[in-house]
Amino acid sequence: KEQGPFPELKISEYFFEMGIFYPFYFLFLRRKHHKRFKQQLETFRSGLLEPDWVGGCFFILKNQVAYEVDFFDENTFLYVEESILSEKLHRKGYNLKYIPLIMILHNHYVERTINFELEYFLINSKLYYWKNYKKHSALICYLAKLSHIFYLRVYFPLIGLNRHHE
């Protein structure tokens, strides 16, 4: 599974790619989105890059810098910690680097169904990030949460896990 680098987390994903407007996304935006993502991925693989954020299964951070940005935000558990840490680093003027020649094996279990308990942590962590670090309003965050829950309960059973993670 691709473990990074990653583009910025956008709240629009909870309205379109994984939200109430999924049919519109699927019919009109999906191909364009995938084409842009593949181009971005090829660019990322071509050399030393500066992504918006990197996955937390493997990264290196100087101890002094970790203290300077106050480590991880303790208001999140599971998911999004790396986005928040990356945001804090960017705000302090640090650049992230990604070296595609270095690879690690992140050996972990992948479920074939939605684990709603874990999904709950993911939703709330992303909403916390968007509200507190990207300054989206509480109303927009609440609507994004409702939109994503609708997607999980209505669209996801119809399209299955493979499409969900395309």
Side-chain angles (χ1 to χ4, degrees), residues 1-19 33 36-37 40-41 43-45 47-153 156 161-162 164-166:
K1 179 179 172 186
E2 193 70 47
Q3 289 287 316
F6 302 104
E8 180 182 0
L9 290 176
K10 297 188 185 253
I11 200 166
S12 62
E13 76 179 37
Y14 270 19
F15 289 104
F16 290 96
E17 294 99 315
M18 294 183 290
H33 182 262
R36 190 171 354 115
F37 180 75
Q40 206 172 28
L41 199 54
T43 301
F44 281 157
R45 289 181 177 151
L48 182 65
L49 305 157
E50 294 186 3
D52 292 314
W53 66 282
V54 292
C57 67
F58 179 75
F59 64 88
I60 298 170
L61 183 65
K62 289 182 180 179
N63 205 18
Q64 172 191 347
V65 174
Y67 277 101
E68 187 179 335
V69 298
D70 198 26
F71 299 95
F72 289 104
D73 187 320
E74 294 182 13
N75 292 299
T76 58
F77 173 72
L78 285 178
Y79 313 112
V80 191
E81 303 101 324
E82 303 95 338
S83 298
I84 292 172
L85 182 61
S86 298
E87 183 72 25
K88 290 162 84 173
L89 289 165
H90 285 301
R91 287 180 182 183
K92 290 283 188 175
Y94 292 101
N95 294 318
L96 304 175
K97 303 293 183 197
Y98 175 80
I99 306 169
L101 297 175
I102 298 174
M103 299 182 77
I104 62 147
L105 174 62
H106 185 188
N107 192 13
H108 61 90
Y109 176 73
V110 177
E111 289 195 41
R112 288 296 187 211
T113 59
I114 289 289
N115 180 328
F116 285 99
E117 185 177 345
L118 291 179
E119 196 68 29
Y120 170 81
F121 285 116
L122 176 60
I123 290 170
N124 287 323
S125 291
K126 282 185 177 182
L127 294 176
Y128 176 83
Y129 168 74
W130 288 322
K131 184 178 178 193
N132 294 287
Y133 289 90
K134 293 301 184 179
K135 303 301 180 198
H136 288 293
S137 72
L139 176 61
I140 292 295
C141 289
Y142 181 72
L143 292 174
K145 183 176 185 174
L146 289 178
S147 175
H148 186 61
I149 290 170
F150 180 88
Y151 168 85
L152 292 173
R153 296 293 185 179
F156 179 78
L161 187 67
N162 290 336
H164 176 72
H165 292 288
E166 258 185 6

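All values below were derived from every heavy atom in this structure, side-chain atoms included, with hydrogens, water molecules and symmetry-related copies excluded.
Nearest approach of Gly19 to Ser147, heavy atoms of both residues: CA-OG, 3.3 Å. Closest approach of Glu17 and Ser12 over heavy atoms only: OE1-O, 3.8 Å. Taking every heavy atom of both residues into account, Asp73 and Tyr128 meet most closely at OD2-OH, 2.8 Å. Residues Leu152 and Glu119 share a closest heavy-atom pair of CD1-CG, 3.3 Å.
Note: Phe116 and Tyr120 fail the aromatic proximity criterion, with ring centroids not under 6.0 Å apart.
Here salt bridge (Lys or Arg N to Asp or Glu O under 4.0 Å) pairs that include residues 78-89, with residues two or more places apart or in two chains, are Glu87-Arg91, Glu87-Lys134.
A distance of 12.0 Å separates OH of Tyr129 from OG1 of Thr76, quoted to the nearest 0.5 Å. To the nearest 0.5 angstrom, Ile84 atom CD1 is 10.0 Å from Phe72 atom CZ. Here the straight-line distance linking atom CZ of Phe15 with atom CG of Leu143 works out to 5.5 Å at 0.5 Å rounding. Going from atom CG of Leu89 over to atom CG of Leu61 covers 6.0 Å, rounded to the nearest 0.5 Å. With rounding to the nearest 0.5 Å, the separation of CG in Asp70 from CG in Leu85 is 10.5 Å. Separating the OG atom in Ser83 from the CG atom in Asp52 is a distance of 9.0 Å, to the nearest 0.5 Å.
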- Does the pair Asn124 and Lys145 meet the rule for a side-chain contact (heavy atoms from CB on, under 4.5 Å), with working shown? CA-CA 8 Å; Asn124 287 323; Lys145 183 176 185 174; 3.1 Å; yes
Checklist line | Intermediate values then yes/no, side-chain contact (heavy atoms from CB on, under 4.5 Å), Ile140 and Lys131 | finding: CA-CA 9 Å; Ile140 292 295; Lys131 184 178 178 193; over 6 Å; no
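For the residue pair Glu13/His148, the side-chain donor-acceptor check at 3.5 Å is not satisfied. Residues Tyr94 and Glu68 have side chains that bring a donor and an acceptor to within less than 3.5 angstrom of each other.
Applying the ring-ring contact (aromatic ring centres under 6.0 Å, His included) test to Tyr142 and every residue at least two apart in sequence or in another chain returns nothing.
Tyr14 places a side-chain heavy atom less than 4.5 Å from the side chain of Trp130.
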